[in-house]
Amino acid sequence: MQFFSDFDSLFFVSRLAEKVVILSMIKIISSGSFCDCTKLKTIKYEDINQITTIEEGAFENCSNETFLFPPNVTTIEKITFQSVDHFLK
C-alpha cells in the first residue's frame, strides 16, 4: 500500500506498551517517541539498518532493559537517553 510508504518517522508509542516492533519503513525515531514508557521491556526491529536518526529525548525515562543501537545511525541528539542510567551500566 503506497500510503504507508510515505511515512518514515516514529512519533508516539503508547505509554502502556510492553513490547514494540519498529517497522522497516522507520528511519527516524522522533523526539519523545518512547518518553515515559515505563512498562516497556523489549524493542525489536523489522530492519534495524533503516534507522538513521534518534531525536532529542526519544527514550527519556524509558524502562526497556536493553537498547540495541542501529548500525546506520548518524545522529543521536542530546538528552536522548535522559533518566535511563541502566543503559550505562
Side-chain angles (χ1 to χ4, degrees):
M1 180 183 267
Q2 180 61 37
F3 175 77
F4 289 108
S5 66
D6 294 336
F7 298 95
D8 65 356
S9 297
L10 176 66
F11 287 103
F12 179 80
V13 173
S14 170
R15 304 308 177 234
L16 301 175
E18 294 180 14
K19 184 191 326 186
V20 171
V21 176
I22 298 176
L23 301 177
S24 61
M25 70 181 102
I26 300 299
K27 295 181 179 135
I28 300 167
I29 299 176
S30 299
S31 296
S33 296
F34 290 90
C35 182
D36 295 323
C37 286
T38 57
K39 297 180 184 285
L40 189 63
K41 300 290 182 224
T42 306
I43 298 173
K44 294 189 177 197
Y45 304 90
E46 277 188 352
D47 185 355
I48 195 170
N49 295 312
Q50 293 297 320
I51 298 171
T52 59
T53 304
I54 302 174
E55 293 183 345
E56 182 174 328
F59 291 93
E60 184 177 350
N61 197 34
C62 183
S63 67
N64 58 309
E65 296 166 353
T66 60
F67 181 76
L68 180 59
F69 280 89
N72 294 328
V73 167
T74 57
T75 304
I76 298 177
E77 295 182 359
K78 63 183 178 178
I79 69 166
T80 294
F81 297 100
Q82 184 170 328
S83 300
V84 289
D85 296 336
H86 56 279
F87 285 154
L88 304 175
K89 295 179 182 173

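Val20 places a side-chain heavy atom less than 4.5 Å from the side chain of Ile22. Counting only heavy atoms from C-beta outward, the side chains of Gln50 and Ile26 never approach each other to under 4.5 Å.
For the pair Tyr45 (side chain) and Ile51 (backbone), a donor-acceptor distance under 3.5 Å is absent. Panel note: side chain Glu46, backbone Leu23; no donor-acceptor pair is recorded below 3.5 Å. Under a 3.5 Å cut-off, the side chain of Ser30 and the backbone N or O of Leu10 do form a donor-acceptor pair. Ser9 places no side-chain N or O within 3.5 Å of a backbone atom of Phe11 that could act as its donor or acceptor partner.
Between the CZ atom in Arg15 and the SG atom in Cys62 there is a gap of 9.0 Å [rounded to 0.5 Å]. Here Met25 contributes atom CE and Asp47 contributes atom CG; the two are 12.0 Å apart, rounded to the nearest 0.5 Å. Annotation: the span from Ile54 atom CD1 to Ile28 atom CD1 amounts to 11.0 Å, rounded to 0.5 Å.
Linking ILVMFWY side-chain heavy atoms closer than 4.5 Å, directly or via other members, places Val13 and Leu68 in a single hydrophobic cluster. Val21 is not connected to Phe12 by any chain of hydrophobic side-chain contacts under 4.5 Å among Ile, Leu, Val, Met, Phe, Trp and Tyr, and they are in different clusters. Grouping the Ile, Leu, Val, Met, Phe, Trp and Tyr side chains by contacts below 4.5 angstrom, directly or via other members, places Phe69 with Ile48.
Across Asn61 and Thr38, no two heavy atoms sit closer than the pair O-CG2, 4.0 Å. For Cys35 against Gly57, the heavy-atom pair with the smallest separation is CB-O, 4.1 Å. Shown here for Glu56 and Lys78, the closest heavy-atom pair between the two residues is CG-O, 3.2 Å. Closest approach of Leu40 to Ser63, counting heavy atoms only: O-OG, 3.0 Å.
Remark: Thr52 engages no residue in a side chain to side chain donor-acceptor pair (under 3.5 Å) (not counting sequence neighbours).
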